[in-house]
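Structure, as structure tokens:
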Number of protein chains: 2
Amino acid sequence: MQDISVALRDHLAIAHVAYHWVDSAGDQYGCGTYSIAWQERYIDQNYVRIDPVVSGCYQRFHPVDWKQLDWSSKATRAFQTESIEYGIGNQGFSVPVRGPNGQFALFTVNHSCDDAMWETFTETHRRELILIAHYLNEKALEFEPSRTPDIAQALSPREVDAMTLLAIGYNRAQVADTLSISEHTLRVYIESARFKLGALNTTHAVARALTRGLIVV
Amino acid sequence: MQDISVALRDHLAIAHVAYHWVDSAGDQYGCGTYSIAWQERYIDQNYVRIDPVVSGCYQRFHPVDWKQLDWSSKATRAFQTESIEYGIGNQGFSVPVRGPNGQFALFTVNHSCDDAMWETFTETHRRELILIAHYLNEKALEFEPSRTPDIAQALSPREVDAMTLLAIGYNRAQVADTLSISEHTLRVYIESARFKLGALNTTHAVARALTRGLIVV
DNA sequence: TTTCAACTCCCCCAAAATAGTGAGGGCACC
DNA sequence: GGTGCCCTCACTATTTTGGGGGAGTTGAAA
């Protein structure tokens, strides 16, 4: 994968390319042409938490220019400043890639140049970059088949109801009332959903149901 | 939109096409060539909860043939039988479309034919169908600009930590311990995150943080 | 026919989360 | 030099969840 990254970068004649996978367990995985120092720093500081590229792309279907992201918060600006110090470049363009069970990956290209030049580049190569993102993601799955997610165990309709209503903020009494069942019955559903999802508590169960796409909120 | 659907169907020479949007509030919206009876039935029975096309596509990045989906549960099979009775056809192919804040839509084509013929059709038109899905989604957003999601308010790093750990099933004591802060302090984070997310309780806050991409679990 | 999954209902009690108040230091931006 | 956000810590009381039991119906599959 590393070789692919370097070849890609040279082919595109830009500063950096990177593929970044964020696992549903919080693990990270990837390849790219960033310096080791930056990679270590990123992991060490757990920057995935505050990286607006990650959260911004997670919220989008389409590729995104880093200029479109929200860099306004304090932590975010500090992160940006630091990333530039580490030679990432002042321009960035990332393509989100999604898969089953919350699989989420990013393909990013970086460079140092003015806005006009960068826009020309991204406009010209937009389709190509999207295809590369998909190709890289497929390759990554080939190399790491263990990361192919398990088939999500289906929930029963009532369990889906319960999880869905809990996910929109109802408490047990409200959910039971909405579903016109007793709170005791509701608890049975919540517990069986928890069990099926291997969740430790209700919040965990709802989070898993969401990331596994078992409920839509 | 309805005109577009009909034109599309005729152009593709198949039984049905449909665009189906599932809102983050649980609302649905769409257009297509399904019979009114089926649409009403679908809404009335809240079939979005159990429709394996919805949940299956929600879990996938790539377009999906309905044959690849899991139709094994009882409720699912009943749903399938009924959909065929309503003239949906025995073949289906859906393209998921995603956007910010859990925006999720589906573009589906249906027909009645044997597997080989359907495979030929979908293979031949795969790229076209993907493009149509994106095009329809953009059109839908034009017609319903109110559905363009709000910009997600960022959480502070500590709030992200808290939400993330809660989403993986930790209770408050464990989270506080993991973050090496007092449980009292943790509560402040959870409450401020709840406030920022407009959430009614912790489960709701975690669900929103997840669907808005503010945390990655 | 049995078996099994899904759905429904009930009790008791311990544990956890939430509401409503506080307070103080640090740091950045205007 | 105020204003606001972020981080940290504290108390009390109430509400909500969770764990441990158990029991009965339906309907579809084996």
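- If A:T185 and A:R77 are placed on DNA chain C by their nearest nucleotide, the residue sitting closer to the 5' end is A:T185.
- The CG atom of B:D177 sits 16 Å away from the C1' atom of D:dC9 (whole-angstrom rounding).
- Following rounding to the nearest Å, B:N171 (CG) and C:dA15 (P) show an atom-to-atom distance of 13 Å.
- Across the protein-nucleic acid pair, B:R194 atom CZ and D:dT16 atom P stand 13 Å apart, rounded to whole Å.
- The CG-C1' distance, from A:L179 to C:dC7, rounds to 12 Å in whole Å.
- A close approach under 4.0 Å does not occur between any side-chain nitrogen or oxygen of A:K196 and OP1 or OP2 of C:dA5.
- When each of A:W66, A:Y47, A:F93 is checked for a side-chain contact (heavy atoms from CB on, under 4.5 Å) with A:V53, only A:W66 meets the rule.
- Residue A:Q91 is tested with A:D115, A:N110, A:D114 for a side-chain hydrogen bond (donor to acceptor under 3.5 Å, both in side chains); the sole match is A:D115.
- Residue A:R172 is classed as a base contact, given a heavy-atom separation below 4.0 Å to a base.
- The residue A:S192 sits apart from the nucleic acid: no heavy atom pair falls under 4.0 Å.
- Nucleotides of DNA chain D nearest to B:H184 and B:P157 differ in position, and the one nearer the 5' end is that of B:P157.
- Distance CG (B:L200) to P (C:dA17): 18 Å, rounded to an integer number of Å.
- One interatomic measurement links the two molecules: CD of A:E159 to C1' of C:dA5, which rounds to 10 Å at whole-angstrom precision.
- Remark: P of D:dT17 and CG of A:L165 are 13 Å apart, rounded to the nearest angstrom.
- Taking the six-membered ring for Trp and thresholds of 30 and 60 degrees, B:Y86 and B:W38 have ring planes inclined between 30 and 60 degrees apart.
- The distance from atom CD of B:E183 to atom P of C:dA17 is 7 Å, rounded to the nearest whole Å.
- Listed pair B:Y189 / D:dC6 fails the phosphate criterion, with no side-chain N or O lying under 4.0 Å from OP1 or OP2.
- Contact check, A:R187 against D:dT17: no side-chain N or O comes under 4.0 Å of OP1 or OP2.
- Of all nucleotides listed (D:dA10, C:dA19, D:dG19), D:dA10 comes nearest to the side chain of B:S182.
- Judged by closest nucleotide on DNA chain C, B:E191 is the one of B:E191 and B:V188 placed further toward the 5' end.
- A salt bridge is absent between A:R41 and A:D44: the closest approach of a Lys/Arg side-chain nitrogen to an acidic carboxylate oxygen does not fall below 4.0 angstrom.
- Annotation: A:Y42 is in aromatic contact with A:H20 [ring centroid separation under 6.0 Å].
- Here B:S156 lies in heavy-atom contact (under 4.0 Å) with sugar-phosphate atoms only.
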